[in-house]
Amino acid sequence: MSEAQERAWSELAPALVLPVPRDEAVTSVAAGSHIDPAAVWGREAPLIVEIGSGQGHAIVHAAAARPDADFLAVEVFRAGLARTMLDAERAGVSNLRLVEANAPEVLEHLLPAASVDEVWVFFPDPWHKKKHTKRRLVQPVFPPLLARALRPGGIVRLATDWEDYALQMREVMDAAAPFERDFEGEWAPRFEGRVETAFEAKGKRAGRAIRDLAYRYSGR
């Protein structure tokens with residue numbers, strides 16, 4: 001990490017990064033761990049979780065634009081979390097927290113059941129080589145974790161610039177009975193709350209179509 005990122009981790013992390021009881025892996029979440037969102041943010045407010053927040057461009061922008069909501073950035077790369085903290089400090093946002101942990105374990109253990117209003121999965125690693133696609137996040141085991149964390153009526157928003165991953169996302173979410181499409185036609189319109197990041201811009205330059213999806217958790 002750069003000197004500024006090291007400073008962010010030493011000076012800003014104590015207030016912004018959630019402490020997590022670990023299992024064996026460095027970015028794991030021990031079973032039985034959980035947070036109290038009202039205690040973490042000091043209020044009752046809609047909670048929005050971004051999985052794979054990268055350097056935090058999208059979530060910092062969203063947190064600044066929506067002071068009425070609380071935001072949680074989930075990321076495994078410490079340098080990205082450090083950059084997020086620096087940008088959050090610069091933007092003066094107070095409604096953002098971060099967690100250095102594997103997303104499935106955050107959804108399964110750390111977040112209380114039915115505590116989240118929206119989950120964002122924007123431009124996750126596509127693992128585009130055929131032999132690596134099994135590592136993709138959005139697979140049949142993923143919707144049950146979303147269903148546990150989301151409130152009834154909550155929304156999961158997804159975006160990718162890899163067509164085969166977009167098709168896989170749609171197939172997986174369409175087959176997940178507790179979820180219903182929150183859009184008409186083949187794809188959802190671009191989510192207005194998503195600022196364009198370097199990942200999206202790179203996909204556009206490469207001529208790839210940006211695909212959005214949105215699903216509402218029915219609570220069944």
Side-chain angles (χ1 to χ4, degrees), residues 1 4-5 8-9 11-20 27 29 35 37-38 40-43 45-107 110-112 115-126 137-138 142 145-146 149-151 154-161 169 188 190-203 210-215:
M1 294 192 292
Q5 288 170 316
W9 204 260
E11 297 181 8
L12 302 177
L16 297 180
V17 178
L18 303 183
V20 178
T27 55
V29 179
I35 62 169
V40 169
W41 281 272
R43 64 176 182 175
L47 178 56
I48 298 171
V49 177
E50 183 181 11
I51 290 174
S53 55
Q55 297 191 47
H57 297 141
I59 201 165
V60 170
H61 180 273
R66 287 200 56 188
D68 62 303
D70 294 329
F71 291 82
L72 179 64
V74 181
E75 181 55 70
V76 294
F77 295 108
R78 180 165 285 208
L81 291 169
R83 174 55 55 190
T84 303
M85 286 187 279
L86 291 171
D87 287 351
E89 180 187 42
R90 190 175 300 113
V93 300
S94 59
N95 55 338
L96 173 63
R97 298 294 184 272
L98 304 86
V99 61
E100 182 185 20
N102 300 324
E105 294 173 65
V106 170
L107 295 171
L110 195 66
L111 292 166
S115 63
V116 179
D117 291 85
E118 294 189 23
V119 175
W120 296 351
V121 185
F122 297 152
F123 303 94
D125 193 327
L137 176 67
V138 184
F142 188 55
L145 299 178
L146 292 170
L150 282 166
R151 302 180 191 276
I155 294 178
V156 54
R157 302 186 187 279
L158 307 105
T160 182
D161 60 324
M169 288 177 172
R190 188 186 191 283
F191 174 45
E192 292 181 356
R194 187 181 82 243
V195 67
E196 183 174 294
T197 64
F199 285 106
E200 184 170 358
K202 182 179 179 181
I210 309 300
R211 302 300 193 192
D212 278 71
L213 293 164
Y215 288 83

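All values reported here derive from a predicted model rather than from experimental measurement.
- The residue from Leu107, Leu18, Val106, Val119 that alone fulfils the side-chain contact (heavy atoms from CB on, under 4.5 Å) condition with Val74 is Val106.
- Residues forming a side-chain contact (heavy atoms from CB on, under 4.5 Å) with Leu16 (at least two apart in sequence, or on another chain): Leu12, Met85, Arg97, Leu98.
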Which donor-acceptor pairs under 3.5 Å do side chains of residues 58-69 form with protein atoms, sequence neighbours excluded?
| unit_1 | atom_1 | unit_2 | atom_2 | d |
| --- | --- | --- | --- | --- |
| Arg66 | NH2 | Asp68 | OD2 | 3.1 |

Subject >> Candidate pair Val93 and Phe71, rule side chain to side chain contact (heavy atoms under 4.5 Å, CB included), full reasoning >> reply: CA-CA 10 Å; Val93 300; Phe71 291 82; over 6 Å; no
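- In plain terms, the two heavy atoms of Ser115 and Arg151 that are nearest each other are O-NH2, 3.3 Å.
- The CD1 atom of Ile210 lies 7.5 Å from the CD atom of Glu196; values are rounded to the nearest 0.5 Å.
- When atom types are taken as modelled, the side chain of Gln5 and the backbone of Ala82 share no donor-acceptor pair closer than 3.5 angstrom.
- Residues forming a ring-ring contact (aromatic ring centres under 6.0 Å, His included) with Phe191 (at least two apart in sequence, or on another chain): Trp120.
- Among pairs with a residue in residues 98-107, those fulfilling side chain to side chain donor-acceptor pair (under 3.5 Å) read Thr27-Asn102, Arg78-Glu100, Asn102-Glu105, at least two apart in sequence or across chains.
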**OP:** Test Leu146 against Tyr215 for side chain to side chain contact (heavy atoms under 4.5 Å, CB included), laying out the working first.
**Re:** CA-CA 11 Å; Leu146 292 170; Tyr215 288 83; over 6 Å; no
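- At a threshold of 4.5 Å between non-hydrogen side-chain atoms, the residues Leu137 and Ile51 count as touching.
- Separating the OG1 atom in Thr197 from the CZ atom in Phe123 is a distance of 5.5 Å, to the nearest 0.5 Å.
- Looking at Leu81, Leu110, Val49, Val17 one by one, the single match for side-chain contact (heavy atoms from CB on, under 4.5 Å) with Val99 turns out to be Leu110.
- Here the closest heavy-atom approach between residue Ala159 and residue Met169 is recorded as O-CE, 4.3 Å.
- Here the side chain of Glu75 pairs a donor or acceptor atom with the backbone of Gly54 at under 3.5 angstrom.
- Take Asp161 and apply the side-chain hydrogen bond (donor to acceptor under 3.5 Å, both in side chains) test, not counting sequence neighbours, and it matches Arg208.
- For Arg194, the salt bridge (Lys or Arg N to Asp or Glu O under 4.0 Å) partners two or more places apart in sequence, or in a different chain, are Glu200, Asp212.
- Not counting sequence neighbours, Gln55 has no partner by the side-chain hydrogen bond (donor to acceptor under 3.5 Å, both in side chains) test.
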**OP:** Please test Trp41 against Leu72 for side chain to side chain contact (heavy atoms under 4.5 Å, CB included), starting from the C-alpha separation and ending with a verdict.
**Re:** CA-CA 10 Å; Trp41 281 272; Leu72 179 64; 4.1 Å; yes
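- Although no hydrogens or angles enter the test, the distance criterion places no donor-acceptor pair under 3.5 Å between the side chain of Asp70 and the main chain of Leu47.
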